[in-house]
Engineer: 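Take a look at the following structure, please.
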Amino acid sequence: MAQTPAILAEGLHKYYGKTHALVGLDLAAEQGTVLGLLGPNGAGKTTAVRTPTTLLKPDEGRAEVAGIDVVKHPDLLRARIGLAGQYAAVDENLTGYENLVMFGQLYHLAGGVARQRANELLERFDLVEAGKRLVKTYSGGMRRRLDLAGSLIMSPPVLFLDEPTTGLDPRGRLAMWDVISNLVADGTTVLLTTQYLEEADQLANQIVVVDLGRVIARGTSDELKAQVAALEAQIEAT
């Protein structure tokens with residue numbers, strides 16, 4: 001029997017006034033894989049993340065994450081997912097450790113459990129020493145790692161990352177790629193939006209290319225490269 005996708009979206013439409021941000025979007029990510037959502041600014045990537053994470057209700061279509069309908073059971077779903085947006089949602093006037101403990105308390109973890117998870121995540125993301133410092137002293141890459149650690153406070157099986165390496169230098173980007181790869185190796189399912197083809201090529205098992213809210217191509221990295229090569233050959237032949 002086929003396994004139910006960890007992330008499933010069918011025919012999603014979203015309107016902002018006259019702007020049609022999602023136009024019948026279909027997505028599917030198998031458990032323990034990375035689905036890369038690739039496209040330029042304004043393509044609809046962020047809206048495609050906000051809808052299955054319950055931040056927006058679709059105007060048409062349906063979505064399920066971890067087998068849970070995102071519209072019918074949003075509260076149940078929020079305990080099963082993690083989300084890291086384009087900008088690190090951390091308090092720069094707290095230490096890294098204090099931020100993670102706060103995230104745990106917001107999820108109603110007991111004090112001792114929240115502190116234990118904070119220490120585990122600081123170690124996992126190589127932030128043990130930095131965890132004692134105020135976040136205002138962190139580099140951009142360290143803030144992104146701390147933000148990602150906060151999204152994992154409940155060990156969610158499904159993680160949504162909206163352009164997680166935007167603004168990072170090459171070293172920071174490579175470090176983030178390693179973190180994401182390790183999460184997937186441990187069984188986490190990831191939906192990753194990106195503007196960078198090399199990032200999708202490096203991380204994604206399947207890639208969906210979107211533009212103006214529509215899917216314009218999908219497949220593995222090798223399949224998409226073959227499609228582009230075939231198109232270029234066709235153009236040269238005309």
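Quick caveat, the model's predicted, so the values are computed rather than measured.
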Engineer: What is the distance from atom CD of E120 to atom CG of L100, rounded to the nearest 0.5 Å?
Structural biologist: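 If I round to the nearest 0.5 Å, the distance is 11.0 Å.
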Engineer: Should D201 and K225 count as an ion pair when the cut-off is N to O under 4.0 Å?
Structural biologist: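 K225 and D201: salt-bridged.
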Engineer: Applying the side chain to side chain contact (heavy atoms under 4.5 Å, CB included) test to R80, which of V158, V65, I68 qualifies?
Structural biologist: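 It is I68, the one option of V158, V65, I68 that forms the side chain to side chain contact (heavy atoms under 4.5 Å, CB included) with R80.
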Engineer: L203 vs V190, test: side-chain contact (heavy atoms from CB on, under 4.5 Å). Steps then yes/no.
Structural biologist: CA-CA 10 Å; L203 295 173; V190 176; over 6 Å; no
Engineer: Distance check, rounded to the nearest 0.5 Å: L37 atom CG versus L161 atom CG?
Structural biologist: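 If we round to the nearest 0.5 Å, L37:CG and L161:CG are 12.0 Å apart.
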Engineer: Do you reckon F160 sits in the same ILVMFWY cluster as F125, going by side-chain contacts under 4.5 Å, direct or chained?
Structural biologist: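 No; F125 is not reachable from F160 via cluster members.
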Engineer: Under a 3.5 Å distance rule, please check whether R117 uses its side chain to pair with a backbone N or O of I153 as donor and acceptor.
Structural biologist: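 Side chain of R117 to backbone of I153, a donor-acceptor pair under 3.5 Å: yes, one is there.
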Engineer: More than 12 heavy atoms of other residues, nucleotides or ligands under 6.0 Å from CD of E60: yes or no?
Structural biologist: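 Count over threshold, so yes.
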Engineer: Of all the heavy-atom pairs spanning V101 and A118, show the shortest one and how long it is.
Structural biologist: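 That would be CG2-CB, 3.8 Å.
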Engineer: Any side-chain to backbone donor/acceptor pair from S151 onto L148? Under 3.5 Å, distance only.
Structural biologist: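 Yes.
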Engineer: If you take all heavy atoms of G96 and V135, which pair is closest and at what distance?
Structural biologist: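 Taking G96 first and V135 second, the nearest heavy atoms are N-CG2, 3.9 Å.
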Engineer: Counting distance only, does the side-chain N/O of D147 pair as donor-acceptor with the main-chain N or O of R143 below 3.5 Å?
Structural biologist: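 Not a single qualifying donor-acceptor pair exists.
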Engineer: Using the side chain to side chain contact (heavy atoms under 4.5 Å, CB included) rule, pick out the option among T193, V49, L192 that qualifies with E163.
Structural biologist: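 Answer after filtering T193, V49, L192: T193.
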Engineer: Side-chain contact, heavy-atom cut-off 4.5 Å: K132 with T95?
Structural biologist: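 A side-chain contact under 4.5 Å is absent here.
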Engineer: Show me the donor-acceptor pairs, under 3.5 Å and distance only, between side chains in residues 206-218 and residues at least two apart or in other chains.
Structural biologist:
residue : atom : partner : partner atom : Å
R218    : NH1  : D26     : O            : 3.3
R218    : NH2  : D26     : O            : 3.0

Engineer: Report yes or no: does T51 contribute a side-chain atom to a donor-acceptor pair with the main-chain N or O of K57 at less than 3.5 Å?
Structural biologist: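 The answer is no, because no donor-acceptor pair under 3.5 Å joins these two groups.
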Engineer: When rounded to the nearest 0.5 angstrom, what distance separates CG in N205 from CD in E30?
Structural biologist: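 If I round to the nearest 0.5 Å, the distance is 10.0 Å.
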Engineer: Please check: side-chain N/O of Y138 versus main-chain N/O of A130, any donor-acceptor pairing under 3.5 Å?
Structural biologist: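 Answer holds: yes.
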Engineer: Using modelled atom types only, decide if a donor and an acceptor are shared between the side chain of N99 and the backbone of V90 within a distance under 3.5 Å.
Structural biologist: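 Not a single qualifying donor-acceptor pair exists.
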Engineer: Keeping to residues at least two apart or across chains, list the ring pair (Phe, Tyr, Trp, His ring centres under 6.0 Å) pairs with something in residues 181-206.
Structural biologist: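 Ring pair (Phe, Tyr, Trp, His ring centres under 6.0 Å) check on residues 181-206 returns no pairs.
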Engineer: Using modelled atom types only, decide if a donor and an acceptor are shared between the side chain of H20 and the backbone of L22 within a distance under 3.5 Å.
Structural biologist: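 Looks like yes, one N/O pair under 3.5 Å.
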Engineer: Is a donor on one side and an acceptor on the other found under 3.5 Å between the side chain of T165 and the backbone of R173?
Structural biologist: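 Pair absent, no side-chain N/O of T165 close to backbone of R173.
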Engineer: Using every non-hydrogen atom in the two residues, find where A29 and T33 come nearest and quote the distance to one decimal.
Structural biologist: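 Heavy atoms only, the tightest pair is C-OG1, 4.2 Å.
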Engineer: Is a side-chain N or O of R144 found less than 3.5 angstrom from the main chain of P164, in a donor-acceptor match?
Structural biologist: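 Checking the backbone N and O of P164 against the side chain of R144, a donor-acceptor pair under 3.5 Å is found.
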Engineer: Calculate, to the nearest 0.5 Å, the distance between atoms CG and CG belonging to L27 and L12 respectively.
Structural biologist: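 Output value for this atom pair is 7.0 Å.
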